[in-house]
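The next block holds one structure in the form of structure tokens; read it before the comments.
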Amino acid sequence: MEKNSFRRKPIRERVLLIVLVIAMGSLITTSGVGIVSMLRIQDKSEAALTERMQNNLYNIAVDRAEYAESELGAYADYVQGFATYIHGLYTEPDAYVKKPLLSHDPKNAGKYVLQRAFANEQVSEEAVSEEASLISNTAQEFYPVISAHSDVIMGIYGGTESGFSFAYDIYSDKKLDGYYDHYSRVWYQQAKEEGKVCFTDVYLDSFGRGLTISCAAPFYDEKDQFAGVVAMDILISDLYAAILNLDLGDEEAYAFLVDNSGNVISPDEEVRTIHDDPDLDQATEDKILNGQTGVSLTEKGVYYAYTPVESVSWKLCIHVPQSYVLAPAREMDEQIMESILLFTLILVLIILIVTLFVQRFANSLTKPLIALSEDARIISGGDLEHRAQVFHNDEIGDVATNFNDMAIALKQYIEDLTAVTAEKERIGAELNVATQIQADMLPRIFPPFPERGEFDLYATMDPAKEVGGDFYDFFLIDNDHVGLVMADVSGKGVPAALFMVIAKTLIKNRALMGGSPSEVLSYANEQLCEGNEAELFVTVWFAILTISTGKGVAANAGHEHPAIRRAGGKYELSIYKHSPAVASMEGLRFREHEFELHPGDSLFVYTDGVAEATNAQDELYGTERMLEVLNRNPDAMAEEQLKSIKEDIDLFVGDAPQFDDITMLGFNYFGIE
């Protein structure tokens with residue numbers, strides 16, 4: 001009796017004991033591991049954040065310095081180009097028109113005019129007139145540069161060793177005495193001494209234009225003897241702001257520039273030096289002035305990141321308080337301690353909840369027969385979601401298990417049948433979404449460029465399946481060039497659509513970077529050939545049209561011949577030799593075909609889905625029918641023409657299924673009014 005009583009120990013007690021041991025043990029172990037991990041993170045957070053901030057400061061300083069180098073390098077290239085041009089004037093004087101170089105005239109104030117001044121009264125106009133007449137040709141070189149950068153370049157000027165200076169600026173009313181001693185100017189002396197392109201120190205311009213730097217280069221005569229210096233004044237206030245426009249998240253964190261003497265470069269008239277910076281120590285100051293690159297923590301608890309700007313002998317510095325760097329670590333310490341406290345409270349609460357829950361669960365097992373009877377009634381009534389509880393490893397448990405197995409089998413059968421139906425519906429829905437996505441990728445707003453009166457265009461794409469491989473595209477490359485694309489990917493369905501998305505993106509992105517149609521298709525060809533295991537290819541007709549002149553260049557990679565209509569004439573196919581299709585082979589080069597549209601001319605491009613549309617008698621629609629429809633009303637606009645052709649194709653095909661995508665683009669050229 002005692003042995004039997006021991007074997008039949010109440011289930012609620014056994015369940016309660018086992019679950020509590022497992023749950024409490026797991027919770028306590030997990031909590032301990034979590035608390036230890038958070039404490040270790042607390043120890044390492046400060047060092048990790050400090051190292052990360054130092055790396056960020058270093059990268060920011062180097063990036064800003066490289067930006068400054070690139071900006072200043074562009075101006076240096078301009079000045080060197082001017083010096084090379086002037087050398088050519090001396091070398092081949094007969095190749096240039098000689099015209100007088102006049103002195104400064106107040107009437108020219110506000111206009112960019114090339115004018116001259118003498119270094120002193122000892123220089124006579126007769127002695128330098130021939131040389132000055134050669135220098136007058138520089139105006140045509142200065143004009144495009146200063147026009148493109150008039151907000152930055154304040155003037156282009158120079159001086160000759162023979163004694164006269166020349167200036168291309170708008171300040172004629174400020175130079176009325178006719179004399180300018182360029183020999184004594186820093187830009188002249190520095191360029192002459194260094195013998196190469198150089199930059200002067202920053203100064204406040206005498207005309208009140210702001211913080212300025214001069215870029216100068218020497219030029220030489222036909223015997224390669226020093227003949228003078230050409231220079232330009234560059235307003236660097238905007239460049240200065242762009243270099244130092246850093247948002248580091250703290251009011252005391254900022255960036256600044258230092259010249260070779262330690263002066264802080266600033267657009268303000270107030271000049272100070274880094275020697276007066278109370279946060280700097282001598283070691284860090286020496287590193288900055290010596291042109292080193294790095295990050296240092298000073299004795300005053302401030303981080304300095306520094307790097308040189310080589311072309312102008314500047315140093316770029318970033319000042320960040322250590323307290324700002326460590327602030328996240330301090331905040332993390334507080335959050336970790338708060339988390340540990342909260343974690344402990346939650347753990348105690350969970351233990352209480354689990355204890356109550358397990359106790360109630362154990363008590364519920366004391367009525368197994370009543371519960372099993374109710375479970376059996378519910379399952380037999382058709383509720384297959386209901387599950388009987390397996391109470392014991394005995395006959396009652398066997399019955400409960402059998403009921404559950406039966407319910408699971410029936411439920412699985414119903415779910416399998418439902419899943420097959422749902423899968424078909426899902427595939428259909430996804431194809432509908434894919435169709436919409438593909439349609440959205442093609443430009444569909446017409447007119448696409450309502451502000452442009454020089455041309456009009458319209459395009460359509462009707463896929464043979466839910467998604468297709470044909471595509472068209474058009475886009476403005478710049479204000480005077482429009483790109484036109486018509487393409488057909490081999491194959492149909494989803495694979496062709498995916499290949500179409502990649503091809504369209506590559507062609508447009510590369511075209512917007514500049515280049516000829518051949519270069520654009522060559523680039524797309526190389527990219528598409530990589531990993532093209534499906535061996536898909538795409539035929540492409542791609543043209544770039546100069547809007548102002550109507551002149552265009554096209555590359556035809558295995559595509560259909562376009563149709564062109566001259567004003568007052570009829571549409572005719574423009575037939576010329578094709579190149580292979582894009583992605584058919586690596587290393588392809590594509591032929592280019594030049595054409596020209598005149599006001600009133602029209603262009604029509606299409607895919608083979610137009611000419612190869614097939615009716616129930618297996619007859620092809622053909623290009624002859626296409627041209628016939630186009631020429632029924634040759635003066636019609638592009639949208640009307642495309643609708644007429646589609647209606648005629650539908651009438652010709654009848655009830656026959658569409659086997660290929662039908663894509664068309666019409667372009668009407670009006671020219672500049």
Side-chain angles (χ1 to χ4, degrees), residues 431-489 496-513 517 520 524 538 540-548 550 552 554 559 562-563 565 597 599-607 609-610 630 633 635-647 649-650 658 661-673:
L431 284 175
N432 289 336
V433 173
T435 301
Q436 186 61 42
I437 291 174
Q438 184 182 36
D440 291 343
M441 287 196 65
L442 301 180
R444 296 185 299 168
I445 298 177
F446 297 98
F449 312 108
E451 73 282 2
R452 304 304 298 258
E454 301 96 327
F455 64 90
D456 183 44
L457 60 83
Y458 189 81
T460 60
M461 196 278 279
D462 297 290
K465 295 186 176 181
E466 287 82 358
V467 290
D470 281 10
F471 68 92
Y472 65 83
D473 204 359
F474 48 84
F475 44 87
L476 288 175
I477 299 173
D478 55 40
N479 195 47
D480 196 35
H481 293 86
V482 62
L484 304 174
V485 183
M486 179 62 62
D488 183 4
V489 177
L498 293 175
F499 201 77
M500 160 261 183
V501 171
I502 299 172
K504 177 181 180 297
T505 303
L506 287 172
I507 292 173
K508 181 175 181 179
N509 289 349
R510 180 60 182 84
L512 292 175
M513 293 170 61
V520 172
V538 55
V540 182
W541 180 87
F542 173 47
I544 297 177
L545 180 72
T546 302
I547 300 172
S548 59
H559 201 71
R565 170 192 172 269
L597 296 180
D601 291 355
S602 299
L603 178 68
F604 176 78
V605 288
Y606 54 96
T607 60
V610 175
L630 288 171
N633 186 11
D635 293 325
M637 300 301 292
E639 180 177 358
E640 181 180 350
Q641 288 283 27
L642 268 61
K643 290 180 179 178
S644 298
I645 293 178
K646 186 60 172 66
E647 291 173 358
I649 291 175
D650 293 340
Q658 180 180 337
D661 306 332
I662 298 175
T663 307
M664 300 175 286
L665 184 148
F667 185 92
N668 303 116
Y669 181 68
F670 310 122
I672 298 177
E673 298 181 357

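Everything numeric here is computed off the predicted structure, so don't read it as measured data. If you read the sequence from its start, that first residue is 1, and numbering goes on from there.
A donor-acceptor contact shorter than 3.5 Å links the side chain of His559 to the backbone of Tyr606. For Asp661 (side chain) and Asp470 (main-chain N/O), a donor-acceptor pair under 3.5 Å exists by modelled atom type. Using a distance-only test at 3.5 Å, with no hydrogens or angles considered, a donor-acceptor pair links the side chain of Gln658 to the main chain of Asp462. Side-chain atoms of Tyr472 come within 3.5 Å of backbone N or O of Pro443 as a donor-acceptor pair. Side chain of Asn668 to backbone of Ser602: no donor-acceptor contact under 3.5 angstrom is found.
Note that CG of Leu457 and CG of Leu665 are 6.0 Å apart. Values are rounded to the nearest 0.5 Å. How far CD1 of Ile547 is from CG of Leu476: 5.5 Å, rounded to the nearest 0.5 Å.
Applying the salt bridge (charged side-chain N to carboxylate O under 4.0 Å, His left out) rule to Asp601 yields the partners Arg566; only residues at least two apart in sequence or on another chain are considered. With sequence neighbours excluded, the residues satisfying ring-ring contact (aromatic ring centres under 6.0 Å, His included) with Tyr458 are Phe446. Taking Phe667 as the reference, Phe455 meet the ring-ring contact (aromatic ring centres under 6.0 Å, His included) condition, with sequence neighbours excluded. In this view, Asp480 satisfies the salt bridge (charged side-chain N to carboxylate O under 4.0 Å, His left out) rule with no residue, not counting sequence neighbours. Applying the salt bridge (charged side-chain N to carboxylate O under 4.0 Å, His left out) test to Arg565 and every residue at least two apart in sequence or in another chain returns Asp635. Partners of Lys646 according to the salt bridge (charged side-chain N to carboxylate O under 4.0 Å, His left out) rule, which considers only residues two or more places apart in sequence or in another chain, are Asp650.
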**Q.** Lys504 and Leu442: CA distance, side-chain angles, deciding distance, side-chain contact (heavy atoms from CB on, under 4.5 Å) verdict
**A.** CA-CA 9 Å; Lys504 177 181 180 297; Leu442 301 180; 4.0 Å; yes
Q: Given salt bridge (Lys or Arg N to Asp or Glu O under 4.0 Å), test Lys643 with Glu647 step by step and report yes or no.
A: CA-CA 6 Å; Lys643 290 180 179 178; Glu647 291 173 358; over 6 Å; no
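In this structure, a donor-acceptor pair under 3.5 Å is present between the side chains of Asn633 and Glu640.
None of Val485, Leu484, Val482 except one satisfies the side-chain contact (heavy atoms from CB on, under 4.5 Å) rule with Phe475; the exception is Val485.
Of all heavy-atom pairs spanning Leu630 and Ala563, the tightest one is CD1-CB, 4.4 Å. Closest approach of Phe471 to Thr663, counting heavy atoms only: C-CG2, 4.3 Å. Contact detail for Leu545 and Gly550: the closest heavy-atom pair is CD1-O, 3.2 Å. Among all heavy-atom pairs drawn from Ala487 and Thr607, the shortest one is O-CG2, 3.6 Å. Minimum interatomic distance between Ala511 and Ile477 (heavy atoms only, all atoms of both residues): O-CG2, 3.7 Å.
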